[in-house]
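The next block holds one structure in the form of structure tokens; read it before the comments.
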2 protein chains.
Amino acid sequence: MRIGELADRAGTTTRALRYYESLGLLPPAARTGNGYRSYGEEHLRMLEQIRSLQDFGFGLEETRPFVECLRAGHASGDACEGSLEVYRRKLAELDACVARLQEVRASVAAQLARAELASGLREPMCELGRDTAAPAGSPAEALAGPSGGAAAGEPSVPTRGHPRDDPDHP
Amino acid sequence: MRIGELADRAGTTTRALRYYESLGLLPPAARTGNGYRSYGEEHLRMLEQIRSLQDFGFGLEETRPFVECLRAGHASGDACEGSLEVYRRKLAELDACVARLQEVRASVAAQLARAELASGLREPMCELGRDTAAPAGSPAEALAGPSGGAAAGEPSVPTRGHPRDDPDHP
DNA sequence: GTAGACGTTGACGTGCGCGTCAACGCCAGT
DNA sequence: ACTGGCGTTGACGCGCACGTCAACGTCTAC
């Protein structure tokens, strides 16, 4: 099997395969006389393993134990201890990540509620507004909390367009 | 106030300030005769706003409404509708992100459990293999502990070192 | 023999938020 | 005069997982 067919069958691109090879992650079985890469069915299984882990947010390096486990002849990529360790580390990372995101969520929700309340007080300004609530200072103080604070990025972990998910290209 | 002082007072770097200016996010009040940037106290407040939002994982572009709200003279950066919308959008993003991560967490946990069970069946292979409950001393203990160490790898979503958090530099 | 589909390597681009030089100008102190 | 410390602009680097050319070789079909 040549590179294009493997890429098609796995729903990825030749560029990705060459990239994986450059990392030593998925070297072809051999080269044919004309220099073409030659792959077998086992490479398709490794590729599927890589891609399913990537869909879960694993980095390419984290997929390496799984791929090598398959290459070692195991029926499943997670039949080896190295793969299990990656699973466990990822679980811990996910837990930490979720915890931080929920902290951040709570803080943002509190800020929004406070700000909405404040703007609501100014806008209707009904006559029974003599005791101006929320005289407390600017949000900067409230926000300037512990520097151990967490930052949650955009949904970088969540799913994003893989070539197979997005089959329209210019 | 010149750039170095502002950076020090806000706990950031001159490089960051020049970068913000290049985005049009935080232009200086003026230039002195020799070309030095000149800032006032209000710029310090804007900078603090930017940095506190960044700690929550907001991108720089997302801080723009807050900064412009401050520049418009409001006491608080989130006193304007644009800022509130950013809050709301961020909340939605956070919720989506958490949901996705929890899905992934469940899938990974399931994979791990299945793989550990399979390897547990192959390895001891004791003659009394009919009741498959977790045997003592097996890796089952690691599975139970959610947040044991969780410090090694950096997650992709969460925070990364800000200059102020990491006051050792080469 | 020639078009077109496939393959090869190499190099640069992307997004984000800066870090890290390089090469220079300006100013105060000794 | 010289040193040191601040300022200025400009350009490249990084990490990650490739996309996107460019310039070329190879194979198949007509």
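Fair warning: this is a prediction, and the values are worked out from it, not measured in the lab.
- The CG-P distance, from L6(A) to dG7(C), rounds to 10 Å in whole Å.
- Counting any heavy atom pair closer than 4.0 Å across all strands shown, R2(B) reaches sugar-phosphate atoms only and no base atom.
- Distance, F58(A) CZ to dA17(D) P: 13 Å, rounded to whole Å.
- Summarising the geometry, the separation between CD1 on I50(A) and P on dA17(D) is reported as 11 Å, rounded to the nearest angstrom.
- Distances shown here put every side-chain N or O of Y20(B) at or beyond 4.0 Å from the OP1 or OP2 atom of dG17(C).
- The CG-C1' distance, from N34(A) to dG25(D), rounds to 9 Å in whole Å.
- In this structure, CE of M1(A) is placed 16 Å from C1' of dG7(C), rounded to the nearest angstrom.
- OP1 or OP2 of dC18(C) sits under 4.0 Å from a side-chain N or O of Q54(B).
- In this structure, I3(A) places its CD1 atom 17 Å from P of dC27(D), rounding to the nearest Å.
- Residue Y19(B) places none of its side-chain N or O atoms closer than 4.0 Å to OP1 or OP2 of dC16(C).
- Counting only N and O atoms by type, the side chains of R18(B) and T14(B) include a donor and acceptor under 3.5 Å apart.
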Practice prompt. Could you check R100(A) against E103(A) for salt bridge (charged side-chain N to carboxylate O under 4.0 Å, His left out), going step by step and ending with a plain yes or no?
Written response: CA-CA 5 Å; R100(A) 266 196 307 273; E103(A) 271 181 39; over 6 Å; no
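- When the C1' atom of dC6(D) is taken as reference, atom CD of E5(B) falls 12 Å away, rounded to whole Å.
- Remark: R18(A) is in phosphate contact with dT8(C), judged by side-chain N or O atoms under 4.0 Å from OP1 or OP2.
- Straight-line distance from the CD atom of E21(B) to the P atom of dG17(C): 17 Å, rounded to whole Å.
- With dT8(D), dT8(C), dC18(D) as the candidates, the nucleotide lying closest to the side chain of R31(B) is dT8(D).
- Checking the phosphate oxygens (OP1, OP2) of dG19(C), a side-chain nitrogen or oxygen of T13(B) falls inside 4.0 Å.
- Checked against a 6.0 Å centroid threshold, the rings of Y87(A) and F66(A) count as neighbours.
- With 3.5 Å as the limit, one finds a donor-acceptor pair spanning the side chains of R114(B) and Q111(B).
- Looking at which nucleotide of DNA chain C each of Y36(B) and R37(A) is closest to, the 5′-most match is held by R37(A).
- Figure legend: K90(B) and F58(B) shown as a cation-pi pair, the cationic atom lying under 6.0 angstrom from the six-membered ring centre and within 45 degrees of its axis.
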